Student: 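Have a look at this one before I ask anything.
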Amino acid sequence: MSSVGLNALTGQRLDGWQHTVQSLEVIFSTHFGDRVMREWFGSAVPRLLGESLTAATLLKFKLAVFVAIELWEPRFRVTRIHSLSIDRLGRYRCELEGEYRPRGHLKDYRVDGGRRSFSLGSFLGA
């Protein structure tokens with residue numbers, strides 16, 4: 001059995017890969033300290049938004065994404081972070097490629113099917 005939850009927008013049942021994607025979105029949009037009962041939950045991704053768009057910032061961003069997934073989302077294992085686009089306004093888009101492990105939250109790390117991708121967009125520079 002894969003994980004089951006609620007769609008944050010509609011309140012409808014959400015399971016499988018879509019539940020994992022929603023979880024990743026929550027992790028990447030939550031600052032450390034935002035949650036009262038789980039202050040340590042979240043990622044460094046929001047802190048990096050708005051920083052100057054440099055090679056060092058992109059590296060920090062990718063590292064923040066990778067670490068957040070390793071800490072908080074056992075159902076997805078990143079194998080590659082691929083840059084898709086960077087524009088002059090500082091918008092950066094990347095694709096996370098990895099293995100979907102539907103029972104990872106139960107410490108069962110068997111991979112389900114092939115690799116899965118998740119697109120992530122952000123506004124890094126000013």
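If you read the sequence from its start, that first residue is 1, and numbering goes on from there. A quick note: this is a predicted structure, and the numbers were derived from the prediction, not measured.
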Student: Quick one: list whatever passes ring pair (Phe, Tyr, Trp, His ring centres under 6.0 Å) with Tyr100, sequence neighbours left out.
Tutor: Trp17
Student: Would you say the side-chain atoms of Ser43 pair up with the backbone N or O of Ile27, donor to acceptor, closer than 3.5 Å?
Tutor: yes
Student: Going hydrophobic residue to hydrophobic residue with side-chain gaps under 4.5 angstrom, can you get from Trp40 over to Ile69?
Tutor: yes
Student: Using atom types as modelled and distance alone, determine if a side-chain donor or acceptor of Ser52 lies under 3.5 Å from a backbone N or O of Thr54.
Tutor: no
Student: side-chain contact (heavy atoms from CB on, under 4.5 Å), that's the test. Do His82 and Cys94 meet it? Break it down for me.
Tutor: CA-CA 5 Å; His82 178 67; Cys94 65; over 6 Å; no
Student: Residues in side chain to side chain contact (heavy atoms under 4.5 Å, CB included) with Tyr109, at least two apart?
Tutor: Pro74, Arg101, Lys107
Student: Heavy atoms, side chains only, cut-off 4.5 Å: are Val4 and Arg13 in contact?
Tutor: yes
Student: Please evaluate residues Leu49 and Arg47 with respect to the criterion side-chain contact (heavy atoms from CB on, under 4.5 Å), reporting the C-alpha separation (whole Å), side-chain torsions for both, the decisive distance (0.1 Å), and the verdict.
Tutor: CA-CA 6 Å; Leu49 300 180; Arg47 186 186 62 79; over 6 Å; no
Student: Take Ser83 and Lys62 through the test side-chain contact (heavy atoms from CB on, under 4.5 Å) and record every step on the way to the result.
Tutor: CA-CA 10 Å; Ser83 296; Lys62 288 181 178 183; 3.3 Å; yes
Student: Going by side chain to side chain contact (heavy atoms under 4.5 Å, CB included), name the residues that satisfy it together with Glu97, two or more places apart in sequence or in a different chain.
Tutor: Thr79, Arg80, Arg115, Ser117
Student: So, does Glu39 use its side chain to make a donor-acceptor pair with the main chain of Phe32 at under 3.5 Å?
Tutor: no
Student: Glu99: what forms a side-chain hydrogen bond (donor to acceptor under 3.5 Å, both in side chains) with it, not counting sequence neighbours?
Tutor: Arg77
Student: Any side-chain to backbone donor/acceptor pair from Asn7 onto Gly11? Under 3.5 Å, distance only.
Tutor: no
Student: Can you find a heavy atom in the side chain of Thr20 that is under 4.5 Å from one in the side chain of Glu73?
Tutor: yes
Student: Does Ser29 use its side chain to pair, donor to acceptor, with the backbone of Glu25 at less than 3.5 Å?
Tutor: yes
Student: Is a side-chain donor or acceptor of Trp72 paired with a backbone partner of Gly42 at a separation under 3.5 angstrom?
Tutor: yes
Student: Going hydrophobic residue to hydrophobic residue with side-chain gaps under 4.5 angstrom, can you get from Phe66 over to Leu84?
Tutor: no
Student: List in chain and number order the residues that pass side chain to side chain contact (heavy atoms under 4.5 Å, CB included) with Ile86, two or more places apart in sequence or in another chain; answer none if no residue qualifies.
Tutor: Leu53, Leu58, Tyr92
Student: Quick one about Ser3 and His105 (side-chain donor to acceptor, distance below 3.5 Å, no hydrogens or angles considered), yes or no?
Tutor: no
Student: So which pairs with a foot in residues 26-35 pass salt bridge (charged side-chain N to carboxylate O under 4.0 Å, His left out), sequence neighbours left out?
Tutor: none
Student: Should the pair Asp112-Arg110 be classified as a salt bridge under the 4.0 Å nitrogen-to-oxygen rule?
Tutor: no
